[in-house]
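A quick write-up on the structure given underneath.
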Number of protein chains: 2
Amino acid sequence: MARSTNYNTRQRDAILEYITSIKDAHVTAAQIVEYFASENKPIGRTTIYRHLDKLVDDGKLRRYVTDGISGACYQHAADLETCHVHMHLKCEDCGELQHLDCEALDDIRDHFLAKHSFTVNAMKTVLYGKCANCSKDSHDAP
Amino acid sequence: MARSTNYNTRQRDAILEYITSIKDAHVTAAQIVEYFASENKPIGRTTIYRHLDKLVDDGKLRRYVTDGISGACYQHAADLETCHVHMHLKCEDCGELQHLDCEALDDIRDHFLAKHSFTVNAMKTVLYGKCANCSKDSHDAP
DNA sequence: TGTAAAATGGAACACAGTTCCAAATTGAAT
DNA sequence: ATTCAATTTGGAACTGTGTTCCATTTTACA
């Protein structure tokens, strides 16, 4: 039968706490595994992934994929509420991932919904291209 | 010493030919492996990846990553010149990848360049979200 | 304290992609 | 035609991310 209270999932809390402590940054599952191992409180990979899935389902974390090479990144949802819903810009040259917090985002989302019936998930979307620095560099190239 | 002519890399030509025959579509490395196996001209995985890398380097193919789950997709570069520059929309639910050919794209690119000094590579960028069908479905869910 | 539900994590797997290396193919010089 | 080194090929094994399966441990509560 269903329990009235939740089980004491201290590991899940610990994971959430760790991610919360990483202000304004992205963490991968592998980094979490490594962190708890280095703290002598190792948590199995399976458990990490399970908790991350649940935390994302519960809306406490956000998951997004930056590319197909490194794995998914996680960020504490509260961090995302204090800042806006935002997209990410990834520079193809230097690899830097920058947050994009811009009111034009709403226009973009409105456009895709109205004209293409497509509901954009901004948090999961990464725009690829060249950052200011790297597009400057390419002008200097021989 | 350096050869004056290239070796006859018939497999590379065959791969390029195959991808060229797939009009306006995306092909993964795995699909290429499968295709040549089914044609009774199997090509090893290693060789496929090697040639794909070279073809991309030579500008004959374009590679882009649609998500972290399925692998990279390849498309013949000429196809991309005949059709418009476009983005892709990927539905998180059904996984469908649709081409987006829309003049608003220019506005979006202009915005990012003007306001964020970021040169968007539309071809490599995939917008995630829900397609018309799947966002309809989620309303029906219990 | 007993018990069922829930949590945990190791082993094995799936998949994309890479590295290593030995064998086969090639172009051209002899 | 024969030889030979550069090049091409592909199998085996590996990396890294993530998942599935399942036996063990922990938990809440009666």
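Every chain is numbered from 1 and lettered A, B, ... according to where its sequence line falls, protein lines coming before strand lines.
Between the CG atom of B:Leu55 and the P atom of D:dT8 there is a distance of 12 Å, given to the nearest Å. With rounding to whole Å, A:Ile48 atom CD1 is found 15 Å from C:dA7 atom P. Atom CZ of A:Arg12 and atom P of D:dT27 are 14 Å apart (whole Å). The distance between atom CD of B:Gln11 and atom P of C:dA24, rounded to the nearest whole Å, is 15 Å. The separation between B:Leu52 atom CG and C:dT18 atom C1' is 14 Å, rounded to whole Å. Rounded to an integer number of Å, the gap from B:Asp13 CG to C:dT26 P is 13 Å. The interatomic distance linking B:Ile43 (CD1) with D:dG11 (P) rounds to 11 Å, in whole Å.
For B:Ala72, the listed nucleotide lying nearest its side chain is C:dG17; candidates were C:dG9, C:dG17, D:dG18. Distances were taken from every side-chain heavy atom of A:Tyr49 (C-beta onward) to each of D:dT9, C:dG9, D:dT17; the shortest belongs to D:dT17. When each of D:dT9, D:dT19, D:dT8 is scored by its nearest atom to the side-chain atoms of B:Thr47, the top-ranked nucleotide is D:dT9.
The two atoms that bring B:Lys54 and B:Arg12 nearest to each other are CD-NH1, 3.3 Å, heavy atoms only. Minimum interatomic distance between B:Arg109 and B:Val120 (heavy atoms only, all atoms of both residues): CD-O, 3.8 Å. Between A:His76 and A:Lys60, the shortest heavy-atom contact is CD2-O, 3.4 Å. Here the closest heavy-atom approach between residue B:Tyr74 and residue B:Arg63 is recorded as OH-NE, 3.1 Å. Considering every non-hydrogen atom in both B:Tyr49 and B:Ala29, the closest pair reads CE2-CB, 3.5 Å.
Applying the 3.5 Å distance criterion, the base of D:dG11 shares a donor-acceptor pair with the side chain of B:Thr46. Side-chain atoms of B:Arg45 and base atoms of D:dG11 include no donor and acceptor less than 3.5 Å apart.
In terms of phosphate contacts, B:His51 brings a side-chain nitrogen or oxygen within less than 4.0 Å of OP1 or OP2 of D:dT9.
Residues meeting the salt bridge (Lys or Arg N to Asp or Glu O under 4.0 Å) test with A:Asp107, sequence neighbours left out: none.
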For residues 38-48 of chain B, which side-chain donor-acceptor pairs fall under 3.5 Å, sequence neighbours excluded?
unit_1: B:Ser38; atom_1: OG; unit_2: B:Tyr35; atom_2: O; d: 2.7

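The stretch residues 31-42 of chain B has no heavy atom under 4.0 angstrom from DNA chain C at all.
In this structure, A:Thr28 and A:Arg50 both approach DNA chain D, and ranking their closest nucleotides by distance from the 5' end singles out A:Thr28.
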